[in-house]
Structures are given as structure tokens and as C-alpha cells.
Protein chains: 2
Amino acid sequence: MAVQPQPGLPAAPTLLDVAAAAGVSQATASRVLNGSTRKVAVAYRDRVLAAAEELGYTANLSAQATARGTSSVIALLVADIADPYFGQIASGVARGADEVGLVVTIAITERDHDREVRLVRTLRGLRPHALILAASRGSDPAPGLLQELEAFSSAGGRVVALGPGAGEARAVTVDNHGGAVALGGALAGIGYRRAVVLAASLGVHSSDDRVAGFTEGFTAGGGEVLRVHHAGYNRESGHRAMRAALAFGLEPGTLVFGVSDMVAVGAMAALREADRAVGPDIAVAGFDDTPTGRDVSPPLTTVHIPLEELGYQATRAAVDHDWRHVAAGLELDVVLRASTPPLG
Amino acid sequence: MAVQPQPGLPAAPTLLDVAAAAGVSQATASRVLNGSTRKVAVAYRDRVLAAAEELGYTANLSAQATARGTSSVIALLVADIADPYFGQIASGVARGADEVGLVVTIAITERDHDREVRLVRTLRGLRPHALILAASRGSDPAPGLLQELEAFSSAGGRVVALGPGAGEARAVTVDNHGGAVALGGALAGIGYRRAVVLAASLGVHSSDDRVAGFTEGFTAGGGEVLRVHHAGYNRESGHRAMRAALAFGLEPGTLVFGVSDMVAVGAMAALREADRAVGPDIAVAGFDDTPTGRDVSPPLTTVHIPLEELGYQATRAAVDHDWRHVAAGLELDVVLRASTPPLG
DNA sequence: GAGAATTCAGCAAGCGCTTTCCAACCTGCT
DNA sequence: AGCAGGTTGGAAAGCGCTTGCTGAATTCTC
């Protein structure tokens, strides 16, 4: 908490400076420079534009926001921006915001619920146009959070949740269930009959949906899910869960479905450590289609999620006045690769 | 450009509302709620705090910024937030900002110079405390950019550049050269004698430094750099450059040094397509130590860059009043893995 | 060519907050 | 009693910008 202002430096030029330089009133300068409906005679307009250019004027967005009563920022809350999963979402959000001339402010929850509440509180102070929550993979929100969100939206802010929405929030979802059904079906279709699932904790919605969908699709195709191991969403959890699964013994030709690519990658590492060949011996599939999945060997079968598009849709939802929930959620595609070679 | 304000909703409570509810003046409320040096009698203070809590008050940061003449945001410019390289940097920046109670606003250049200039212009409007540039991997800045930066810093803003600084900017650098020397030395040390380098375009500073450093270290250790192929920094460039290198013919036991992990990963893919075994036949090394490098097989030898720390140092540089350039740049570590097995 | 209608620059109020000043009140001392 | 010195609440002047309103200048109409 030690941020000193600069010592006496020449401040940035203000609108008044520009107006004076152009020999017009502040009102006229404002109308020329910052999108107003009223038009200004071309002679004046040119003088103002020239003066602004000359001085290198940029409108003070804070002042503009106070005067207009509405700011030009969108706030984005993510769990971890270093994770490409959230990075891609952020990328889409930024693109959407850019399109409508908004600026994106980002905050990182580190998956800590209290922190999340604090951050929302801070961000509220920016009076952002909208608050986009991509903070978790859909476990239930902390109680304090709902209260903050309520305060925000009842003051005219818009809340967009990625994943199942909460309360007032608009929600942009992904069809986890459908994608998993398709994956299960496709893998049963190429001959797999026995599968082990490595999932995140129970209660994490997206994981639950994927497990349920996969089971449904795989069973419908004639396969059987032997066991579900619960650990987490990341690489390390996948590694742990895989070791647990190996302890039960795994016949060749068994399929391991990791509830995310990271889990699957962790599982692959564990398999290799146990001297089991990934692919011909034990097949592995993931979910998310992260770039890494393409580069591991064998390349990972997975379900593609258009994350960038998801982020983009979130800004649309935040900005469009009339917006209807993307009914079934964004559609997902199964991507079959060498980690699940066709069987028999 | 179509962002309508909300229709007549109850606005967020203002400081005046709180003051009224507490039965004190606005000045007193301000002093209680937003860090002032003056103290307020405990009886008043409690009433104000209670009222604020009751109303769910949050200071309007825009108004605060106009009044104080200084805002609480740090602006961050990255090339591509979906790229974990920048994601990690952003993560460090966010942590640093959080520590001093600042908020991070992010913009994405998409590696487009004009866009970058436009974005700086927009961000300037926020009158941010500092502007952190992580927009490129250090190719030379566009001329218009320098002008914008000059305007910003001469109005009291601070500019921090990651990589070689420009003009007024403070710079946080990474010892690319030193890291590459160490890598070259280590690989010569385990028996490699012939190397091919896959680099980005000439003129991209970080790439040039890495090539020069590697050559220096490798030669000093008794090795010889046969050729340098120039393509780019990403996976696809690595793939292309590797194909070009293969066209020249490559003896077993040759080492391929890709100037980034992504380049190396692309090279590995090209090698596999050409039925050359990575490791025993052709060794591959990268630079950056991205998570993917650990999961490809064989795991990739590389140089670890503390990117998160780099981002963190950037905020420190932005915030600390007296700050000295981290002299030689952040130190890098060589990480030897199975993609470069000891030779002979 | 006179009055009506239209255009459009500028005045000034106001956005939500900070901060300077002032006045009221309290000490503690002679 | 009387007064210097110290506290502390409140009035009000800004911060840089937007915008409703006013009224002068221009254009139109018959």
C-alpha cells in the first residue's frame, strides 16, 4: 500500500487546454472529441481536432465516467490467468470488448472464495459495465459472493457467468454433457468396451456433467464404465488418480477418460512410469482440447471446446441489451487422435 | 459501438447517501472510508462504517480518480493473452498490483503495431499509474508508439518495458544471452558436437541473443553450429524451419536448438513426420520452459525463465519510487531432460 | 422584406469524490 | 479568568468531463 504520486510533473492536457488552444468553448471541444449526437460546424471541428492532435490530448476516462455516470470497462474474474484455459477465455472477452470500445480489467481469484468476494467488491468500485465471472469451473459460489453480485446488478451492472448462472446473472454455458456423450459414443464406436474415469471432486458441475455424459454415451454404445476416481482438475490430480486406478489392475485395451486434458496428461505420465504403453495398451482420452494435447505423444483424443468463442459470447451477453441464453450451450466437437487407436 | 446505459435503475449508493444515513457530513464520511490522514472520533467513525456496510457502499473509483488526480490502475499490454508465455507474465503483474491495491487493465496487441499504438492511446485515457509493455518479444517498437509513450510518461505516467527498454522506460530484462551460453555449454558438456539452430527472424532481440549465446557456449565447449535457420517464434515456424533443416540432411547425434519451446515442439513434430527419433537420433532443446515441454515425449531440454517473477518485477518497477534496473536481468536455469540424452 | 423556424456555440450546473480552510470546541497553563 | 495550542466536524471549492438550456445568428417562408 505505498503508491506515491509523481512529483510536480506537467499534467496531461485537459479538455479545457484543447478548447483554449482551439479558441472554442469546452462544450464544443467535448462535442467534437467525444462522440456526441450534436454536430459542430466544420470550421470549429477542424480547429478542435488540430488542437487535440497538437497537444496529444486523450480524454480522461475517469472524469468521463463520473460525468456520464457510466464507465467503459468490463471486469473479468478468472481463477488463474496463467492457465491457457482461462487465457483463451480472456482472449475472447478482450476481443468482444474491443469491438464495442470497452476496456478489460482483470482480476485473479486463485480459486480462493474469500479473495473472490474481495475482488468483486473492489471491481464494483470501477462501476464496470459488466462483470464476467470465469472464476471456477462451476462449483457453487460462496454466499458472500451472491450478495456482492446482487448489490452490483441491482445498481445497474450486468453479471455474466460462465457455466451455470447464479441468481440475476446471465450465463453462457458449454454443452459438457452433450460433448461427453458424443465422446463416449465415438470411443465405444471404435471398439472400446471397458473404461475407467478420472474425475474432479463431486459437486464440481462441469466434471459431474462430463462423467455423466461420458457414461451415458459409452454405455449406449455397448461399453461399461468400471470405476470413477475422484481427484481434481489438474495434471497432478490426474497423475494421482491414475496411480490409484492402476492399483486396481488394468487390463490391456482399457480406456481411461480424464475429465480434462490436464488430467489425461497426468494420467499418461503415470502410465509411462508404470511401463504401460499409452495407446496400444491403455487408451487415454481427455476433454478441453488444450494445445498441449496435440503435442504429447501419442497425441490426445479429446473434446474441443471453443474457449475463445465462449469468452466472446460472454462479452456479447454483457453488452447486448436483448440477449437470450445460448440455449443448449456452445457445441463441442470430438477430436479422435492416436491416444485411442481403433480397437480390433 | 452500441453500449446503452441501463434504464432507470436505482444507482449505487454514493458517499453522500452514506453520510446522510450516518448523520455526518460528506467530508467526515470520506475521511472514515477512504484512507485519510485525519482522524475521526470513534463515535462518528462507527456510525459511518455501519451506514456504509448497511448500504453496501463501495467508493466510485472513477470519481475518486478524478478528485485525486491519480487513478488506481496499472495497464498491461500483451501480444496474446491465450499464450501461456504472456499468461504467466500477466499473472505476476496481477500479483504485484494486488499487493499495492492496484487493479490491472489488460489489452491485447495481436502483435499488430498499429493496434498497439491505438491501444496505448486508449489506455492513456485511464491515466494509469503505469503502463507495462509485454507486447512483443523485443523487436523494435513502431515510431508512433514511442511518441505515445513519451506523451504518457511526460504527463507523469511510468512506462515499464519487458525486454530492452525504449526511451524513458524502465526495463525489466531476462538474461537471454547468459541462459543460452549455459545451455550451449551444458550440451557440449554431455557430448554434443554438431548443432543446428532454429531461430526467429533476424532483428528480434531475444532470438538474436539466444542464438548468439548458444553459439558462444556451445563453441566454447568444443561444439560447432552448422547452420541457423530463421523462421519465427511459434510452433508452426519451428515445424517449417525443421523441414528446411532436414532438407540439408542431418547426421544422427546432431542437436537441434529451437529458440523457444514452441519452436522446439514444432521441430519435434517435423522430425517424427520424417521418421527420425527424437533423443537417440536427433536431440532437441528449446528455451522458455513452458508446461508443454514437460509433457511431450521425450520431455524437452530447455532453459527455465521465471516469467511470473518477471511480471512481478515489472510491477515493482512500476510502483517503487526508487528502482534500479535489475542489472544483468533475471537469471535463467538450464533444465536437461530426455530430449538430449548424454552422448557417448 | 418581415416574421417564423432552424441551427449551433457557449454558459453553467452537476457527476461523486477529496481536501483546504474555517470555526467551534476542548484542553492545560499562568 | 483568560489565552495559546491542539483537535476535529463541516462548508465549499475544486478534479475533468457532459449536457440541458439559452439566445444570437442564420435560413426559410409567403
Side-chain angles (χ1 to χ4, degrees), chain A residues 3 5-6 10-49 51-52 55-72 124-128 155-156, chain B residues 3 5-6 9-48 51-52 55-72 124-128 155-156:
Chain A
V3 182
Q6 296 289 320
T14 76
L15 187 56
L16 204 56
D17 296 334
V18 174
V24 301
S25 75
Q26 197 186 18
T28 302
S30 168
R31 293 197 263 253
V32 170
L33 295 173
N34 314 57
S36 153
T37 48
R38 274 188 50 176
K39 53 183 178 179
V40 172
V42 67
Y44 285 73
R45 148 169 256 105
D46 289 349
R47 264 158 53 202
V48 171
L49 288 174
L55 297 177
Y57 172 78
T58 309
N60 181 326
L61 294 183
S62 295
Q64 202 161 292
T66 24
R68 291 219 250 251
T70 177
S71 87
S72 61
R124 269 217 290 142
L126 291 173
R127 302 287 184 271
Chain B
V3 183
Q6 297 288 320
L9 272 169
T14 75
L15 187 57
L16 204 57
D17 295 336
V18 174
V24 302
S25 76
Q26 199 185 14
T28 302
S30 169
R31 292 195 265 250
V32 171
L33 296 173
N34 316 64
S36 154
T37 47
R38 277 190 45 173
K39 51 182 181 180
V40 172
V42 68
Y44 285 74
R45 147 171 257 105
D46 288 349
R47 264 154 58 200
V48 171
L55 296 176
Y57 172 79
T58 311
N60 181 326
L61 294 184
S62 295
Q64 204 161 285
T66 25
R68 294 217 250 248
T70 177
S71 87
S72 61
R124 269 219 289 142
L126 291 173
R127 302 287 184 271

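So you know, we letter chains A, B, ... as the sequences are listed, proteins then strands, and number each from 1. Both backbone and side-chain heavy atoms feed into the values below; hydrogens, waters and symmetry mates do not.
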Starting at atom CG of A:Leu33, determine the distance to atom P of D:dT19, rounded to an integer number of angstrom. 14 Å
Is there side-chain contact between A:Ser71 and A:Leu126, with at least one heavy-atom pair below 4.5 Å? no
To the closest 0.5 Å, what do you measure between OG1 (B:Thr66) and CG (A:Leu61)? 11.5 Å
Is there side-chain contact between B:Asn60 and B:Thr14, with at least one heavy-atom pair below 4.5 Å? no
Atom CZ of B:Arg31 and atom CZ of B:Arg45: how far apart are they, to the nearest 0.5 Å? 12.0 Å
What is the distance, to the nearest angstrom, from the OH atom on A:Tyr44 to the P atom on C:dT7? 17 Å
Assign a letter to each nucleotide of nucleotides 13-22 of chain C from its 5' end: B, base within under 4.0 Å of a protein heavy atom; S, sugar-phosphate only; -, no contact. -BBBBBBBB-
Hey, could you give me the CG/OG1 distance between B:Leu15 and B:Thr58, rounded to the nearest 0.5 Å? 12.0 Å
